[in-house]
**Q** 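Submitted below is the structure of interest, expressed as structure tokens.
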Amino acid sequence: MAGGDDSQERSEEPTEKKLKESRDKGQIPRSKDFNTMAIMIAGALGIWQQGKSMATDLQAMLVGSFSIDRADLLADHAIVSHLIRVTLEAFFAIAPFLVFLLIVALVSPIALGGWAFSLDSVTPKWERVSPLSGLKRMFSVNSLMELFKGILKVLLVGSIAVGLMTLYHQKLLVIGSVPLFLAIKEVGTVLLISFVVLSCGLIAIAAIDAPFQVWQFKKQQKMSMQEVRDESKETNGKPEVKQRIRQLQMQYAQQRMIDDVPKADVIITNPTHFAVALKYDEFSMEAPLVLAKGTEEFALRIREVAKKHRVPIVRVPPLARALFYSTRVDAQIPAPLFLAVAQILAFVQQVRVARREGMPVPLTPRPKVPEDFLQKYEGDNQ
């Protein structure tokens with residue numbers, strides 16, 4: 001797509017094509033703080049629920065790692081085998097927790113911008129290492145937002161830490177005087193509660209960062225009027241090309257109608273502005289069929305071809321206008337015009353018989369066209 005002029009205001013909402021191109025390039029709204037919050041809270045909840053069982057399994061693993069027979073200590077490769085076994089036990093003890101965190105890390109981006117896989121984001125580009133571009137990024141709105149979030153994180157986490165220390169300082173002071181097992185249990189409880197509270201504190205950061213990232217992404221994706229016009233040209237084609245295509249289509253349709261004029265039974269004219277070619281076969285058609293119709297120059301061509309192939313031409317201005325505006329090519333005429341057209345077809349047949357028998361040609365009939373057709377088209381050229 002043609003690049004937009006930076007001097008133009010980007011006031012238009014992005015099109016579906018622009019959003020798709022951005023997604024293909026890996027450009028989607030992303031909030032690192034939202035993902036961090038989701039992983040931290042999931043980790044805190046996972047430890048809260050599975051911490052006891054993991055601690056029990058790890059305790060058994062540690063006890064087992066120090067329970068080695070003297071014969072194993074002296075045997076070749078026994079220590080290596082023992083280390084491998086202990087490592088696998090430790091891994092299987094925490095594997096469910098790690099899998100849970102992995103699922104959360106993969107699913108959390110869906111809540112904001114979804115998944116997007118693109119090599120464009122890792123392709124080397126000069127603007128990423130350009131000092132000038134680096135300076136622009138340092139003093140951009142995004143950098144100011146990152147600075148604000150950094151300060152807020154320090155203040156928030158520091159405040160929560162001070163509050164937790166104030167709450168638990170008495171309990172922490174007496175830990176040294178209690179049995180070891182009880183001291184470990186108390187410290188673990190304090191650390192777990194502190195971890196959960198600190199993780200929940202990140203909700204405030206994510207609540208600010210996620211809407212900001214969505215707003216900034218939408219702002220970056222906005223388009224100028226020139227970009228919208230350029231994209232429309234690429235998508236729908238240039239106006240001159242579309243006009244040329246329409247002209248060719250019209251020429252093809254007109255030529256096809258001209259080719260069908262010799263098959264007509266009668267041409268009903270205005271006499272100069274309109275011409276409609278009709279065909280009727282009582283054995284195969286329920287109603288007369290429109291083979292061709294046109295105005296001005298094309299109406300003249302229809303009359304010329306009709307004269308060349310001796311197709312009867314009947315001048316009935318009201319009926320010609322009504323047929324032209326109320327019918328489609330290759331379609332039957334509307335029912336309200338059946339009677340009027342039937343009179344014209346009967347007249348054509350009478351003319352043929354009269355000429356063949358050497359009799360006087362009857363006068364051209366003036367069939368009655370329904371009032372609603374006359375009122376509808378009374379403003380057209382006479």
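All values reported here derive from a predicted model rather than from experimental measurement.
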**Q** In Å, rounded to the nearest 0.5 Å, how long is the span from OG1 of Thr36 to CD1 of Ile41?
**A** 11.0 Å

**Q** Would you indicate whether the side-chain heavy atoms of Arg303 and Leu300 approach each other to under 4.5 Å?
**A** yes

**Q** Can you find a pair of side-chain heavy atoms, one from Val351 and one from Pro312, that are under 4.5 Å apart?
**A** no

**Q** In this structure, would Ile333 and Ile267 fall into the same cluster of hydrophobic residues linked by side-chain contacts under 4.5 Å?
**A** no

**Q** Flag the pair Phe274 / Ile268 as yes when at least one side-chain heavy-atom distance between them is below 4.5 Å, and no otherwise.
**A** no

**Q** Are side-chain heavy atoms of Asp330 and Arg256 found at a separation under 4.5 Å?
**A** yes

**Q** Give the C-alpha distance, both sets of side-chain angles, the deciding distance and a yes or no for side chain to side chain contact (heavy atoms under 4.5 Å, CB included) between Tyr168 and Ile193.
**A** CA-CA 11 Å; Tyr168 290 109; Ile193 294 175; 3.3 Å; yes

**Q** Any chain of hydrophobic side-chain contacts (each under 4.5 Å) joining Met257 to Val266?
**A** no

**Q** Measuring only between side-chain heavy atoms, which start at C-beta, is Val290 closer than 4.5 Å to Leu278?
**A** yes

**Q** Count I, L, V, M, F, W, Y as connected when their side-chain heavy atoms are under 4.5 Å apart, and connections chain through other members. Are Val196 and Met165 then in the same cluster?
**A** yes

**Q** Do you reckon Leu198 sits in the same ILVMFWY cluster as Leu101, going by side-chain contacts under 4.5 Å, direct or chained?
**A** yes

**Q** Please tell me if the side chains of Ile313 and Lys307 come closer than 4.5 Å, counting only heavy atoms from C-beta onward.
**A** yes

**Q** Just wondering, do Asp265 and Val348 contact through their side chains at under 4.5 Å, heavy atoms?
**A** no

